[in-house]
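Structure provided below as structure tokens; questions to follow.
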Amino acid sequence: MTAFDRSWFHRPVLDVAHDLVGCTLAHGETAGVIVETEAYHYTEAACHAYVGITERTRVIWGPPGRAYVYRSYGIHALVNVVCEPDGVGAAVLIRALVPTEGVEVMRMRRGPVPDAQLCNGPGKLTQALGIGLELNDTDLVGGPIELRPAAEPFEVVRSAPRIGISKAVDLDWRFTAAGHRGVSRPYPKTAGSSPPGRTPT
DNA sequence: GTATGGATCTTCT
DNA sequence: GAAGATCCATACA
């Protein structure tokens, strides 16, 4: 068995986000080990599903074990793993991978960057793996995107506040592989200030 | 090495 | 009309 059973995704989003660290995400001839995830649930404001079911968020509310791919800031595709039962809005954002297969292909897609930077960001890993919006709402069980269980479970992962959001920032729903830096992005200098990348006018 | 601001466009109010 | 789960180039120490 090289893929998860669908029931694996039929669990609390925090459990899935935790267990997803160390697993392998594969698409085509490229693959990488997940080293950073973030959990999102419709009960908190940072989740897209928080607003309810719309044309955009429909997938999150759908059956578990599917991929929710959406466009962020107009230019990046981000991939999420839908989990929890059908009718519950919950998903896990894949934030960072360590390339393991098809590294040459990744380099071609990503350009001349250090290997450490091939997949160290949610928008970068989708580009490296060739995952686009056309893969939104595709199956992770027997679909084009494959998810493989961890060869050996990561013993320690730590939870920390999520990044790049402005709501529900106090929830420690980010999971990073122990001993790995994951996405090397500095936190906002002062807690409670505006998030990076946007300056209010 | 670290900090700041712009690019870009879809979705929702 | 405004906000957003980002990335990259540039400026400065």
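Letters A, B, ... are given to chains in the order of the sequence lines, protein chains preceding strands, and every chain is numbered from 1.
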Compute both the distance and the angle, then confirm whether A/Arg58 meets the cation-pi test with A/Trp61: under 6.0 Å from the six-membered ring centre, within 45 degrees of the axis.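 A/Arg58 over A/Trp61 ring: no.
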
Paired with B/dT8 by Watson-Crick or G-U wobble geometry, both distances under 3.5 Å: which nucleotide is it?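 Answer to the pairing question: none, since B/dT8 forms no Watson-Crick or G-U pair.
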
Could you state the OH-P distance from A/Tyr40 to C/dG4, rounded to the nearest angstrom?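 The answer, rounded to whole Å, is 12 Å.
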
So which nucleotide from C/dA5, B/dA7, B/dT10 ends up closest to the side chain of A/Ile75?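 When the side chain of A/Ile75 is considered, B/dA7 is the closest of C/dA5, B/dA7, B/dT10.
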
Between atom OH in A/Tyr50 and atom P in C/dG4, what is the gap in whole Å?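 Distance, rounded to whole Å: 13 Å.
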
Figure out the CD/P separation between A/Glu55 and B/dT11, and round it to whole Å.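 To the nearest whole Å, that distance equals 9 Å.
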
Would you say the side chain of A/Tyr73 and the base of C/dA5 hold a donor-acceptor pair, judged only by whether the two atoms sit under 3.5 Å apart?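 Counting by modelled atom types and ignoring angles, no donor-acceptor contact under 3.5 Å is found here.
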
Tell me: NZ of A/Lys124 to C1' of C/dC8, nearest whole Å?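 Those two atoms, NZ and C1', are 9 Å apart.
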
Mind checking whether A/Tyr70 and A/His48 have ring centres under 6.0 Å apart?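 For A/Tyr70 and A/His48, the ring centres are under 6.0 Å apart.
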
Just N and O in the side chain of A/Arg110: are any of them under 4.0 Å from OP1 or OP2 of C/dC8?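 For C/dC8, OP1 or OP2 has a side-chain N or O of A/Arg110 closer than 4.0 Å.
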
Closest to the A/Arg71 side chain, choosing from C/dA5, B/dC9, B/dT11: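 Taking heavy atoms from C-beta onward, the closest nucleotide is B/dC9.
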
Assess whether atom CD of A/Glu29 is packed by more than 12 heavy atoms of other residues, nucleotides or ligands within 6.0 Å.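 No, the 6.0 Å shell around CD holds no more than 12 heavy atoms from other groups.
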
Does A/Arg174 place a side-chain N or O at less than 4.0 Å from the phosphate oxygens OP1/OP2 of C/dA5?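 No, because none of the side-chain N or O atoms of A/Arg174 sits under 4.0 Å from OP1 or OP2 of C/dA5.
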
With a 4.0 Å limit, can you tell me whether A/Thr54 has a side-chain N or O closer than that to the phosphate oxygens OP1/OP2 of B/dC12?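 Yes, within the criterion.
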
In whole angstrom, what separates A/Glu44's CD from C/dG4's P?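 Those two atoms, CD and P, are 14 Å apart.
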
Atom CD of A/Gln117 and atom P of C/dA9: how far apart are they, to the nearest Å?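 It is 10 Å, rounded to the nearest whole Å.
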
How long is the line joining CG of A/Leu133 and P of B/dT11, in whole Å?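 To the nearest whole Å, that distance equals 9 Å.
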
Return the value, rounded to whole Å, for the distance between atom OH of A/Tyr68 and atom P of C/dG4.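 That distance rounds to 14 Å.
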
For residues A/Val51 and A/Tyr42: do they belong to one hydrophobic cluster (side chain heavy atoms under 4.5 Å, members Ile, Leu, Val, Met, Phe, Trp, Tyr)?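 Different hydrophobic clusters.
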
Ring-face cation of A/Arg162 near A/Tyr40 (centre distance under 6.0 Å, axis angle within 45°):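 Yes, A/Arg162 sits over the ring of A/Tyr40.
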
